[in-house]
Amino acid sequence: MTGSLHLWLIPLLPFAGFLINGLLGRRLPKALVTAVALLASLGSFGVVLINVFSMLGSIHMPASLPVVETFGTWINTGALHIDFSFVLDQLSIIMLLVVTGVGFLIHIYSVGYMAHEEGYWRFFAYMNLFMFFMTVLVLAGNALLMFVGWEGVGLASYLLIGFYFQRTSAADAGKKAFIVNRIGDFGFLIGLFLLLANFGTLTFSEISAKLAANPAWTGGVLTAIALCLLLGAAGKSAQLPLYVWLPDAMEGPTPVSALIHAATMVTAGVYMIARTHTLFDRSPFALGVVAIVGAATALFAATIGLVQNDIKRVLAYSTISQLGYMFLGCGVAAYSAAIFHLMTHAFFKALLFLAAGSVIHAMGGEQDLRKMGGLRNKIPITFWTMTAAVLAIAGFFPFAGFFSKDAILYEAFQHGGSGKVLWFVGVVTALLTSFYMFRLWYLAFTGESRSHDVRPHESPWSMLGPLSLLALLSVVGGWIGIDRFGSFLAPVLGEVGNSATAPGGKQLDIMLSIIAVAVALIGWFIADRLYRQKPDSPARIAAALPTGYSVLVHKYYVDEIYAMTIVRPLLFMSKYFLEWVVDVGLLGGAAWMLAGSATLSGAILQRWQSGNLRSYAAWLAVGAAALLVFVFVPWSTVLANFGIHLGMAGQ
């Protein structure tokens, strides 16, 4: 249905904050910059809450959704008609609550974390811009408007990752994120063109209606469209093979890492697949590829996380791995479970990054876990909030991550023969996740301090307040349960979700949950054994397995392989072929020839244009004589005497 919920205010308020701080922030007092940024993000969150509570108060809420607000015609040419419209339904409600709610908490945290940064106003302008584009992406009623938000978050991520642009590593990381995402975005664009060619529209509701009207339409071009969209999703959500930008994104300020990893950019790919699930449902092959990519990425990134020593990079690979779980959920058509994990992951991953930022703040900027230790009693609030996040991501009952991860693993197990393999990969990944997260926990907080040059101190309440709220959500965020969560999303995603209510399903669900918790306990036990009871063991194991350890430390040499097979050949072609052959040789040569011709002609004309009247008179006489000779001399007769005929045949 159509309605008026003032949805335009949700993205407009952050955009207004971006304009004010971006244009005037350099000259505004810091307090006013802070007020503008916080009020913009809070206002957006407030509009979402007002709409949600107004609909929750109505017994007709399911019937009142979706709400479509159209602000005019965007494109109208021939048979193609695209409106500039926002859509609010059950799926966009969940995403908006996560994006604006968690995003607002990250804004509050940033006030304390970025207090002494020179580009304070610039940072908050970029943060508001990020919120603007992400809310546009979520509210978009058609794929073209979604693509605008999609590209916008790519731009904002480039600006935020490269915030410390004076550092070469940060500037390079921003460029890497931007370029790698262009590869995925190319796939998204091809998918849009195929949608236009085959559906004549980019509006999600019209695409779903045409698919519903043709139940026999499966595979073929739908598979091609789904795979193109998957490529776009893999780039934005950092899945194999386009994950390489996300670890380097740690060069940005820690609040940026929390915003990108938890609430905004990297969840866009999962959201896009869920939003276009009617296409993927018609292609079992495409769904299988989604599941395989997700499972492979989850395991791959988890193995790298085992040996990382930078506290933020451990969390970066954890994010890639957890996004793999979400792709796995989508691949087995458990879209509700995937979105459920997206929501709970936003809580505990934002908490992990912000708590890591608090640790870094306490350590005077130190990020190396090997130089930490003994922080438990020195920063107790940070310790307890991060403990909640570690237990949540490891999958311990009753923390949020247990419920959402368990829902995905259950659905994978139920997904036929291949589902058992996917489930096993997910369980092994859960074991590794528990281990490397408790490894981080032990290295940072327990034992003796390994840094004697720093006096750790607790963070200000502007940072600790968001940590406490996120810790609460990391504990209770999953208690709603997948059944109620799936029922809420059913009008958009279909009746797909946890089927534990099926005959025998409850017993299977309990058994798989016990296995999941047991696996988390095993991961904790191994970490406790290696990093508390026998802290010398990790070094001995690394020395005993030098090849395997080196492969993991160097992240399977993927960056080096990409550099050797893609980056260096492109640079070589750019430098030696495009620069020397095309630019210097062809274009430069042509320019040189034109310049030489002009110079030669000028030299000749310069001789003629001497300014000497007698010279001009002489040239005039020569020209007149030449003209007379040309006109009055019988050239045909003269040439005939030399045996040259001018085509006078027949005369």
Compute whether any side-chain donor of one residue and acceptor of the other, for H554 and E560, lie under 3.5 angstrom apart. no
On a heavy-atom basis, the closest approach of L13 and G43 is CD1-C, 3.4 Å
When you look at L375 and M363, which way does the side chain to side chain contact (heavy atoms under 4.5 Å, CB included) test go after all the steps? CA-CA 9 Å; L375 295 176; M363 294 294 295; 3.8 Å; yes
Do any side-chain atoms of residues 346-353 form donor-acceptor pairs under 3.5 angstrom with protein atoms, and if so which ones, sequence neighbours left out?
residue : atom : partner : partner atom : Å
K349    : NZ   : S318    : OG           : 3.1
K349    : NZ   : T319    : OG1          : 3.0
K349    : NZ   : H345    : NE2          : 3.1

Ignoring hydrogens and geometry, is there a side-chain-to-backbone donor-acceptor pair from S449 to S451 under 3.5 Å? yes
What is the minimum heavy-atom distance between T254 and K312, and which atoms define it? OG1-NZ, 3.4 Å
Under 3.5 Å: donor-acceptor pair, side chain of Y113, backbone of M463: no
Is the OH atom of Y556 crowded by more than 12 outside heavy atoms at less than 6.0 Å? yes
List for me each residue that meets side chain to side chain contact (heavy atoms under 4.5 Å, CB included) alongside W8, sequence neighbours excluded, and say none if there are none. H6, L12, E69, F71
If you apply the rule ring pair (Phe, Tyr, Trp, His ring centres under 6.0 Å), what do you find for F485 with F403, and how did you get there? CA-CA 11 Å; F485 193 84; F403 296 95; over 10 Å; no
Close side-chain approach of W461 to I381, heavy-atom, < 4.5 Å: yes
Between N181 (side chain) and A177 (backbone), is there a donor-acceptor pair under 3.5 Å? yes
What I'd like to find out is whether the side chain of R450 reaches to under 4.5 Å of the side chain of L443, using heavy atoms alone. yes
State, with a plain yes or no, whether a side-chain heavy atom of M95 is found less than 4.5 Å away from one of L139. no
Suppose the criterion is side-chain hydrogen bond (donor to acceptor under 3.5 Å, both in side chains): which pairs have a residue in residues 37-53, not counting sequence neighbours? none
For the aromatic rings, using the six-membered ring if either is Trp, is the centroid distance between Y243 and F300 under 6.0 Å? yes
Taking S237 for its side chain and G269 for its backbone only, find out whether a donor-acceptor pair lies under 3.5 Å. yes
Nearest-0.5 Å distance that lies between atom CD1 in I480 and atom CZ in F340: 6.5 Å
Side chain to side chain contact (heavy atoms under 4.5 Å, CB included) with F178: which residues, sequence neighbours excluded? Y158, R182
To the closest 0.5 Å, what do you measure between CE (M131) and CD1 (I10)? 10.5 Å
Y325 and T429: side chain donor to acceptor below 3.5 Å: no
For residues 145-157, please give each side-chain donor-acceptor pair under 3.5 Å, one per line with the distance, not counting sequence neighbours.
residue : atom : partner : partner atom : Å
W150    : NE1  : D185    : OD1          : 2.7
S157    : OG   : V153    : O            : 3.2
S157    : OG   : G154    : O            : 2.7

Inter-residue atom distance D453.CG - R455.CZ, 0.5 Å rounding: 10.5 Å
Roughly how far, to the nearest 0.5 Å, is the OG1 atom of T385 from the CG atom of L472? 12.0 Å
Could you tabulate the donor-acceptor pairs under 3.5 Å formed by side-chain atoms of residues 115-122, not counting sequence neighbours?
residue : atom : partner : partner atom : Å
E117    : OE2  : Y164    : OH           : 3.1
Y120    : OH   : T34     : OG1          : 2.6
R122    : NH1  : F163    : O            : 3.4

Residue pairs, two or more places apart or on separate chains, that pass salt bridge (charged side-chain N to carboxylate O under 4.0 Å, His left out) and touch residues 33-51: none
Closest heavy-atom contact between A258 and L354? CB-CD2, 3.6 Å
Please list every donor-acceptor pair under 3.5 Å in which a side-chain atom of residues 100-107 meets a protein atom from a residue at least two apart or in another chain.
residue : atom : partner : partner atom : Å
T100    : OG1  : L96     : O            : 2.5
H107    : ND1  : G103    : O            : 2.8
H107    : NE2  : N128    : ND2          : 3.1

G232 and M272: which non-hydrogen atoms are nearest, and at how many Å? C-CE, 4.5 Å
Pairs where residues 370-392 contributes a residue and the test ring pair (Phe, Tyr, Trp, His ring centres under 6.0 Å) is met, not counting sequence neighbours: F383-W441, F383-F445
Distance-minimising heavy-atom pair for A298 and S321: O-OG, 2.8 Å
Using the side chain to side chain donor-acceptor pair (under 3.5 Å) criterion, which residues pair with S85? Sequence neighbours excluded. none
Quick one, L369 and V314 - any side-chain contact, counting heavy atoms below 4.5 Å? yes
Are F130 and L160 side-chain neighbours, meaning at least one heavy-atom pair lies under 4.5 Å? yes
I'd like to check V244 versus V558 (side-chain heavy atoms, cut-off strictly below 4.5 Å). Are they in contact? yes
Between F327 and V270, is a side chain to side chain contact (heavy atoms under 4.5 Å, CB included) present by the stated rule, with each step listed? CA-CA 7 Å; F327 272 67; V270 180; 3.7 Å; yes
To the nearest 0.5 angstrom, please state how far the CG atom of L39 sits from the CD1 atom of I20. 9.5 Å
Apply side chain to side chain contact (heavy atoms under 4.5 Å, CB included) to Y436 and L440, showing your working. CA-CA 6 Å; Y436 67 67; L440 179 152; over 6 Å; no
So the salt bridge (charged side-chain N to carboxylate O under 4.0 Å, His left out) pairs with at least one residue in residues 161-172 (sequence neighbours excluded) are R167-E251, D172-K175
Sub-4.5 Å side-chain heavy-atom contact between L19 and F15: yes
Looking at Q308, is its backbone amide N or carbonyl O close enough to the side chain of R439 to form a donor-acceptor pair, meaning the two atoms are under 3.5 Å apart? yes
Under a 3.5 Å threshold, yes or no: a donor from one side chain and an acceptor from the other, between T446 and Y531? no
Pairs flagged by side-chain hydrogen bond (donor to acceptor under 3.5 Å, both in side chains) wherever residues 351-375 is involved - sequence neighbours left out: D310-Q367, S358-T382, S358-S459, D368-R370
Donor-acceptor under 3.5 Å (K236 side chain, V266 main chain): no
Would you mind checking if R313 and D248 are paired as a salt bridge, meaning a charged N to carboxylate O distance below 4.0 Å? yes
For F399 and S474: C-alpha separation, side-chain torsions, deciding distance, then whether side chain to side chain contact (heavy atoms under 4.5 Å, CB included) applies. CA-CA 6 Å; F399 294 85; S474 297; 5.6 Å; no
Measure the shortest side-chain to side-chain distance between L229 and I273 over non-hydrogen atoms and say whether it is less than 4.5 angstrom. no
Answer yes or no: is there a donor N or O on one side and an acceptor on the other, between the side chain of T344 and the main chain of G401, under 3.5 Å? no
Shortest non-hydrogen contact between G324 and Q239, atoms and distance: CA-OE1, 3.3 Å
To the nearest 0.5 angstrom, please state how far the OH atom of Y549 sits from the CG atom of L306. 11.0 Å
